[in-house]
Amino acid sequence: MRILIAEDDPYSRQILEMILAKEKCWQVVSAKDGTEAWDLLQKGPAFDVCILDIMMPGIDGLQLSTKLRADRRFAETRIMLCSALNDRATVQQAAALNVNHYITKPYKREIIVKQLRRIEAERAAICHIEPLASMVERLGIDEESLCGMLASLQGEIEGFLSTHCQGEASPGTPEFSLRTNALKGAAVNLGAVQLATRLGNLEAGGAGHWRSAVEQVAAESKHLHSFLQAVAPVAEPA
């Protein structure tokens, strides 16, 4: 997950950087004010979350939130506003801008990470993938390794589709069944249950449903790719 921090106070900015640095699959970029943050947003690549201080010189956090919400390119970008201010008027302004989360200073690591985990879980649900935090707890494997395995699985699915799924009917060979089962098992273990289901349909489907089954597997592969881009843009295959 790519996260942009915009904070003019260098100490507060460093605290946020140190809090988020502990999460290996989160890529963090910092800006010293709203103007620099807007430049980074314009240049790309895209950020999944923007953590914006409200009181900044130039473009403040509320103004930057307004610009983000007015630009269709950032329709999927989540916004977290942070400030020492907790007055009703400021909170109402943030709500009117459809800000996703509002955190107040002094920072508490568990609150910030919890809110970001919620954003990550929302993206995982859209992509039909189990959230990374849940997989870490279930398997006892670190996020970086899980991201690498998911990236490898996604590459294998693409290769499988290219090699075995170009015709109009299921090959129906022992090799095909064994490969499908292996990929299905990997998908289940790595939290891609919908992908596993689609692979099962591919194996069981008759000639009349073959092309539809292939398209469904391809769609889930794209969901997995989108998930990886959101949670770990720099993940490399294991």
Can you get from L40 to L81 by hopping between Ile, Leu, Val, Met, Phe, Trp and Tyr side chains that sit under 4.5 Å apart? yes

Is a donor on one side and an acceptor on the other found under 3.5 Å between the side chain of S12 and the backbone of D8? no

side-chain hydrogen bond (donor to acceptor under 3.5 Å, both in side chains) partners for H101, two or more places apart: Q115

Find the distance between NZ (K43) and CG (L41) and round it off to the nearest 0.5 Å. 11.0 Å

Please check if the side chain of S152 supplies one atom and the backbone of G148 the other of a donor-acceptor pair under 3.5 Å. no

Results of ring-ring contact (aromatic ring centres under 6.0 Å, His included) for H128 - residues two or more places apart only: H223

Any residue meeting salt bridge (charged side-chain N to carboxylate O under 4.0 Å, His left out) with R138, in chain and number order, not counting sequence neighbours: E130

For the backbone of M80 and the side chain of N100, can you confirm whether one donor and one acceptor N or O come within less than 3.5 Å of each other? no

Nearest 0.5 Å, what's the OG-CG distance between S221 and L199? 9.5 Å

Kindly say whether S177 contributes a backbone atom to a donor-acceptor pair with the side chain of N181 at under 3.5 angstrom? yes

For residues 30-39, which residue pairs pass the side-chain hydrogen bond (donor to acceptor under 3.5 Å, both in side chains) check, not counting sequence neighbours? E17-S30, K32-E36

Checking the side chain of S145 only, and the main-chain atoms of I141 only, is there a donor and an acceptor separated by less than 3.5 Å? no

Hits for side chain to side chain contact (heavy atoms under 4.5 Å, CB included) against T77, two or more places apart or cross-chain, chain-then-number order -> C50, F74

Partner set under side chain to side chain contact (heavy atoms under 4.5 Å, CB included) for E144, not counting sequence neighbours: K24, D142

Same cluster or not: L139 versus L228, using hydrophobic residues (I, L, V, M, F, W, Y) connected whenever any side-chain heavy atoms lie under 4.5 Å apart? yes

Between S226 and K222 (side chain of the first, backbone of the second, donor and acceptor by atom type, cut-off under 3.5 Å), is there such a pair? yes

Checking salt bridge (Lys or Arg N to Asp or Glu O under 4.0 Å) for the pair K105/D53: CA distance, chi angles, key distance, verdict? CA-CA 10 Å; K105 299 175 183 178; D53 185 38; 3.5 Å; yes

Roughly how far apart are L150 CG and L224 CG, rounded to 0.5 Å? 5.5 Å

Quick check on E175: does its CD atom have over 12 non-hydrogen neighbours (other residues, nucleotides or ligands) under 6.0 Å away? no

Using the rule salt bridge (charged side-chain N to carboxylate O under 4.0 Å, His left out), only one of E122, E143, E137 pairs with R117; which is it? E143

Could you tell me which non-hydrogen atom of I3 sits nearest to which non-hydrogen atom of L20, and how far apart they are? CG2-CD1, 4.1 Å

Spell out, yes or no, whether F160 and V193 are grouped together once hydrophobic residues are joined by side-chain heavy atoms under 4.5 Å, including indirect joins. no

Are I103 and V113 grouped together when hydrophobic residues (ILVMFWY) are joined by side-chain heavy atoms under 4.5 angstrom apart? yes

Checking the side chain of S162 only, and the main-chain atoms of E158 only, is there a donor and an acceptor separated by less than 3.5 Å? no

Would you say V29 ends up clustered with L68 if hydrophobic residues are merged whenever their side chains have heavy atoms under 4.5 Å apart, either directly or through other cluster members? yes

Step-by-step salt bridge (Lys or Arg N to Asp or Glu O under 4.0 Å) determination, E120 to R123: CA-CA 5 Å; E120 196 171 57; R123 288 191 175 273; over 6 Å; no

State, with a plain yes or no, whether a side-chain heavy atom of W26 is found less than 4.5 Å away from one of V49. no

Mark yes or no for whether R2, through its side chain, and A46, through its backbone, hold a donor-acceptor pair below 3.5 Å. yes

